[in-house]
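Along the sequence shown, the residues carry numbers beginning at 1. All ligand and atom numbering here is 1-based and tracks the order in the structure.
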Amino acid sequence: MTTRRARIAGTGMYVPERVVTNDDLAQLMDTSDAWIRQRSGIVERRFVVPGEQTPADLATRASQEALAVAGLEPGDVDCILLATLSAQHEFPGTSFFLHEQLGVGEIPCVDLRAQCSGFLYALSMADSLVRTARYERVLVVGCEVHSTGVELATRGRDVAVLFGDGAGAVIVEANDDPSDSAAILDVRLHAEGRHARKLWIEAPGASLAKTRVTHEMIDDGRIFPKMDGRFVFKHAVTRMPEVLLETLSGASLKLEDIDLFLFHQANLRINEYISQQLGIPAEKCLNNIDRYGNCSAASIPMLLAEAQRAGRLSPGTVAAMTAFGSGFTWGSAIVRF
Ligand code: UT7
């Protein structure tokens, strides 16, 4: 009896049409194109038109492309896992609004909250659900609308300039064909909750006051993300190579066996530093942070979709995906297409 494997059958992405350049942000706060480019590598990002586009709208477009690429209909999916840190509402999760828009009957769906590593957490769970034959096909989505949650003013500039809106999706499906080597080869995940407050949004919160948000919290800016940037940077450049090497070892592969490296898009400097440390050639690393900024849980599936659109995910291609984010969370996945 062969062990059942799960493979990625199709990818998709969607970003809003509205382009916001560094110069546009400099109109709203004390920042500059030079500072943003030099510190992060970001040139522009996409923002939704507030009130007109929802997270589920972006997720739906990305999911529809992933389904079309895989040659599937929404009714072929058995379960939806959606990773996000910028939920459409307090509850229910964004996945339920995606569920409504896709028209997928009564299949289960759930939101996962593992921030910038969220897609890899969801991919790992989809892999397990498919390999244990619970489901044949799982739609895995990363989706963020950050633009309505950051403080677009000088007080919030250290975080606000880094983030963008977007969604990416993949179909994880069973592969029982022994002649087809496409598979999720290994996924490794970690977390360190003691650093939860180094990158977080405190309010609204169920532990704070009689109500989850007060006028005072809004005035104090406690509803906006706060980050100890240097601390996060230091941990990202340590944990990402560590977990990438752990996952390679789990998959019995070497760095040279990897055709494409897809690192989370938090900062181009982080990714350049990691590539340099590990001796990874630049042409094997895909980045899109210059065009989209940090789209958290959506960054890696967006990179995957861009790779597929560019014809870089041919049969046999081995891709390594690695992320680090709030929680702290970090993880890596090795996938053969
Ligand atoms: O996706 C989740 C994971 N996130 C990350 O991995 C992000 C990790 N951290 C980083 O990428 C970097 O720490 C940042 C890009 C966020 C910041 O770069 P940095 O070199 O660590 O800058 P800094 O925070 O130490 O700030 C340097 C200076 C400060 O001014 P002083 O104190 O030197 O006078 C800041 O006030 O830059 C100032 N600054 C800005 N100036 C212009 C902070 N934000 C801005 C801004 N525009 N947007």
So that I can tick it off, tell me whether Asp165 and Arg46 are bridged by a salt bridge, with the cut-off set at under 4.0 angstrom between side-chain N and carboxylate O.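 Not counted as a salt bridge, because no side-chain N and carboxylate O are separated by less than 4.0 Å.
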Using the side-chain contact (heavy atoms from CB on, under 4.5 Å) criterion, which residues pair with Ala68? Sequence neighbours excluded.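 Partners of Ala68 by the side-chain contact (heavy atoms from CB on, under 4.5 Å) criterion come out as none, since no residue qualifies.
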Under 4.5 Å between any side-chain heavy atoms of Phe263 and Met321, yes or no?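 In short, these two side chains do not touch, never coming nearer than 4.5 Å.
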Validate the cation-pi geometry between Lys198 and Phe231: distance from NZ or CZ to the six-membered ring centre under 6.0 Å, angle to the ring axis within 45°.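 Satisfied, under 6.0 Å and within 45°.
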List ligand 1's nitrogen or oxygen atoms that come under 3.5 Å of a protein nitrogen or oxygen, with the partner atom and distance.
{"residue": "ligand 1", "atom": "1 (O)", "partner": "His264", "partner atom": "NE2", "Å": "3.1"}
{"residue": "ligand 1", "atom": "1 (O)", "partner": "Asn294", "partner atom": "ND2", "Å": "2.7"}
{"residue": "ligand 1", "atom": "9 (N)", "partner": "Gly229", "partner atom": "O", "Å": "3.0"}
{"residue": "ligand 1", "atom": "11 (O)", "partner": "Asn267", "partner atom": "ND2", "Å": "2.6"}
{"residue": "ligand 1", "atom": "13 (O)", "partner": "Gly229", "partner atom": "O", "Å": "3.2"}
{"residue": "ligand 1", "atom": "20 (O)", "partner": "Arg39", "partner atom": "NH1", "Å": "2.8"}
{"residue": "ligand 1", "atom": "21 (O)", "partner": "Arg230", "partner atom": "NE", "Å": "3.2"}
{"residue": "ligand 1", "atom": "22 (O)", "partner": "Arg39", "partner atom": "NH1", "Å": "3.3"}
{"residue": "ligand 1", "atom": "25 (O)", "partner": "Arg230", "partner atom": "NE", "Å": "2.9"}
{"residue": "ligand 1", "atom": "25 (O)", "partner": "Arg230", "partner atom": "NH2", "Å": "3.1"}
{"residue": "ligand 1", "atom": "36 (O)", "partner": "Arg157", "partner atom": "NH2", "Å": "3.2"}
{"residue": "ligand 1", "atom": "37 (O)", "partner": "Trp35", "partner atom": "NE1", "Å": "3.1"}
{"residue": "ligand 1", "atom": "41 (N)", "partner": "Trp35", "partner atom": "NE1", "Å": "3.3"}
{"residue": "ligand 1", "atom": "47 (N)", "partner": "Thr31", "partner atom": "OG1", "Å": "2.7"}
{"residue": "ligand 1", "atom": "48 (N)", "partner": "Thr31", "partner atom": "OG1", "Å": "3.2"}
{"residue": "ligand 1", "atom": "48 (N)", "partner": "Arg157", "partner atom": "O", "Å": "3.2"}

Identify whether Ile218 and Trp200 are in the same connected component of the hydrophobic contact network (ILVMFWY, side-chain heavy atoms under 4.5 Å).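 No, Ile218 and Trp200 fall in different hydrophobic clusters.
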If you count every heavy atom of other residues, nucleotides or ligands that lies below 6.0 Å from Glu192 atom CD, does the total exceed 12?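 Yes.
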